[in-house]
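So the structure is just underneath, and the comments pick up after that.
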Amino acid sequence: MVAKSALLFLSRHEGLKDFATQFSPLKRMTTRFVAGETIDEAVEAIRAINASGASASFDHLNESVASVGETEAEVREYREVLARISETGIDSNVSIKLTQFGLEIDPELAYRNARAVVADAAERGNFVRVDMEQSSVTQVTIDIFKRLRAEFDLNTVGIVLQSYLRRTYRDAEELLEIPARIRICKGAYNEPPEVAFPDKKDVDDNYVRVMKLLLSSGVYHGIATHDERMIQATINYASREGISKEAFEFQMLYGVRRDLQVQLAREGYRMRVYVPYGRHWYPYFMRRLAERPANVWFVVKNMMRG
Ligand SMILES: Cc1cc2nc3c(=O)[nH]c(=O)nc-3n(C[C@H](O)[C@H](O)[C@H](O)COP(=O)(O)OP(=O)(O)OC[C@H]3O[C@@H](n4cnc5c(N)ncnc54)[C@H](O)[C@@H]3O)c2cc1C
């Protein structure tokens with residue numbers, strides 16, 4: 001727990017990235033969780049993912065944009081990604097974070113920027129997933145998503161909910177009324193007990209409750225987890241309720257449980273791999289380490305190998 005908090009603390013200090021990037025063994029380690037720094041590198045990673053039977057979702061890493069100009073650069077980046085998906089024919093959609101589009105500068109700016117990307121995806125017949133970030137922006141993220149969803153159809157824009165949040169079951173019920181395509185995940189940020197379940201068991205129980213609600217809704221959702229118990233609960237529930245394998249997809253992160261990704265795809269389940277890329281990989285990378293402090297040992301071993 002201490003190791004997790006320390007890693008999450010370090011993840012918020014991007015100044016340390018300068019140190020980290022100069023440290024070549026650590027840089028090499030990032031290639032396990034990050035597909036590269038450029039769109040081309042991510043496209044190559046996605047070709048390999050597609051060849052293994054899975055689809056993908058691009059995630060341009062850049063969580064700390066500070067100016068309007070930088071948010072507009074994010075929009076250009078995502079439009080370029082959508083164009084490259086069309087040109088190359090790879091099987092991929094995109095995931096966006098509203099803070100990258102200026103949520104902390106001005107929610108209207110974030111809405112306009114997100115809208116530009118969603119409109120582009122709509123023209124191309126692609127799909128944009130709005131990621132969920134820290135709890136201070138949960139409500140505004142949902143509000144902006146609802147505005148986008150009012151204008152664009154079910155298969156153009158979707159959202160994410162986190163099972164560690166106490167509010168999530170109610171949010172899922174409300175969003176299903178629209179309806180909306182939802183990715184359920186456990187949640188990756190450090191949250192206080194007032195808003196998030198402190199105990200893993202409660203997070204997992206809530207995950208299963210929300211998963212059942214989603215699968216029974218008849219809408220195509222994403223079940224994002226590497227937890228074999230959550231995956232088994234999903235498989236069991238779907239088979240008990242006669243819900244077909246095509247009615248939902250499993251989602252996992254690039255570089256995490258690759259064995260399970262391939263196995264589920266071989267068993268005929270839909271699998272989507274979330275592919276982060278970009279120069280600003282540091283906070284993302286540190287959060288992945290925090291999820292599994294055993295990964296720190298993996299880093300240390302790599303460092304020792306030089
Ligand atoms: C496709 C996708 C999209 C996501 N989008 C969001 C989002 O928008 N917002 C958000 O807050 N979070 C997001 N997350 C992260 C998520 O909230 C969790 O932090 C993360 O998935 C770990 O939770 P878990 O369900 O795998 O279960 P855990 O209980 O954390 O892990 C279960 C098992 O999975 C394996 N595992 C998990 N993580 C790692 C790792 N880093 N390295 C190696 N093994 C690992 C281990 O074997 C572990 O025992 C996303 C996750 C996925 C898969």
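First listed ligand is number 1; within each ligand, the first listed atom is number 1.
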Which of the atoms in ligand 1, numbered in the order shown and given with their element, are less than 4.0 Å from a heavy-atom of Ala224?
-> 1 (C), 2 (C), 52 (C), 53 (C)

Distance to 0.1 Å, residue and atom name: give those for the protein heavy atom nearest to atom 36 (N) of ligand 1.
-> Val256 CG1, 3.8 Å

By number and element, which atoms of ligand 1 are closer than 4.0 Å to a non-hydrogen atom of Tyr189?
-> 11 (O)

Mind checking whether His60 and Tyr277 have parallel, tilted or perpendicular rings, split at 30° and 60°?
-> tilted

Face-on cation placement of Arg272 at Phe250 ring, 6.0 Å and 45° thresholds = no

Please determine if Ala188 has a nitrogen or oxygen closer than 3.5 Å to a nitrogen or oxygen of ligand 1.
-> yes

Tyr164, any N or O under 3.5 Å of ligand 1 N or O | no

Flag Gln251 as yes when one of its N or O atoms lies below 3.5 Å from any N or O atom of ligand 1, and as no otherwise.
-> no

Which residue supplies the protein heavy atom nearest to atom 33 (C) of ligand 1, what is that atom called, and how far is it?
-> His226 O, 3.9 Å

Do any non-hydrogen protein atoms sit less than 4.0 Å from atom 31 (O) of ligand 1?
-> no

Using the six-membered ring wherever Trp is involved, compare the ring planes of Phe33 and Phe285 and label them parallel, tilted or perpendicular (cut-offs 30° and 60°).
-> tilted

Which residue holds the protein heavy atom closest to atom 48 (C) of ligand 1, what is that atom called, and what is the gap in Å?
-> Arg292 CD, 4.5 Å

For ligand 1, which atoms have a heavy atom of Gly187 less than 4.0 angstrom away?
-> 11 (O), 16 (C), 17 (O), 19 (O)

What part of Lys186, side chain, backbone, both or neither, has a heavy atom within less than 4.0 angstrom of ligand 1?
-> both

Determine, for Tyr164 and Lys186, whether the Lys NZ or Arg CZ falls below 6.0 Å from the six-membered ring centre while staying within 45 degrees of the axis.
-> no

Should we say atom CZ of Arg266 is surrounded by more than 12 heavy atoms from elsewhere, each under 6.0 Å from it?
-> no

Where does Lys200 meet ligand 1, judged by heavy-atom distances below 4.0 Å: at the side chain, the backbone, both, or neither?
-> side chain

Same hydrophobic cluster for Leu98 and Leu61, using side-chain heavy-atom links shorter than 4.5 Å among ILVMFWY?
-> no

Which atoms of ligand 1 sit under 4.0 Å from any heavy atom of Asp131?
-> 8 (O)

Does an N or O anywhere in Met132 fall below 3.5 Å from an N or O of ligand 1?
-> yes

For the pair Ser92 (side chain) and Ala56 (backbone), establish whether a donor and an acceptor sit closer than 3.5 Å, ignoring hydrogens and angles.
-> yes

Identify, by atom number and element, the atoms of ligand 1 in contact range of Gln162, meaning under 4.0 Å from any of its heavy atoms.
-> 9 (N), 10 (C), 11 (O)

Ligand 1 contacted by Lys97 (non-hydrogen, < 4.0 Å) = no

For residues Thr141 and Asp143, determine if any side-chain heavy atom of one lies less than 4.5 Å from a side-chain heavy atom of the other.
-> no

Do any N/O atoms on Thr225 end up under 3.5 angstrom from N/O atoms on ligand 1?
-> yes

Decide whether a cation-pi geometry holds between Arg270 and Phe248; the criteria are a distance under 6.0 Å from NZ or CZ to the six-membered ring centre and an angle within 45° of the ring axis.
-> no

Identify the closest protein heavy atom to atom 52 (C) of ligand 1: which residue and atom is it, and at what distance?
-> Leu253 CD2, 3.2 Å

When you look for heavy atoms under 4.0 Å from ligand 1, do you find them on the side chain of Arg272, its backbone, both, or neither?
-> neither

Measure the distances from the heavy atoms of Arg183 to every atom of ligand 1 and state whether one is below 4.0 angstrom.
-> yes

Side-chain heavy atoms of Glu151 within contact of Arg147, under 4.5 Å | no

Side-chain heavy-atom pair Glu241, Lys212 within 4.5 angstrom cut-off | no

Atom 13 (C) of ligand 1: the protein heavy-atom neighbour that sits closest, reported with distance to 0.1 Å = Cys185 SG, 3.5 Å

Can you pull out the closest protein heavy atom to atom 18 (C) of ligand 1? Residue, atom name and distance to 0.1 Å, please.
-> Glu291 OE2, 3.6 Å

Ring-face cation contact, Phe152 with Arg149, 6.0 Å cut, 45° max = no

Val160: numbered ligand 1 atoms lying under 4.0 Å from its heavy atoms | 7 (C), 8 (O)

Val34 versus Trp281, closest heavy-atom pair with distance = CG2-CB, 3.9 Å

Can you sort out which atoms of ligand 1 are near Tyr274, meaning under 4.0 Å from one of its heavy atoms?
-> 1 (C), 3 (C)

To the nearest 0.1 Å, how far is atom 42 (N) of ligand 1 from its closest protein heavy atom, and which atom is that?
-> Asn295 ND2, 2.9 Å

Check each of Arg257, Glu249, Met252 against atom 53 (C) of ligand 1 and report the one with the nearest heavy atom.
-> Met252

So which heavy atom on Asn93 is nearest to which on Ser57, and how close?
-> OD1-OG, 2.6 Å

Residues, nucleotides or ligands: over 12 heavy atoms within 6.0 Å of Arg170 CZ | no

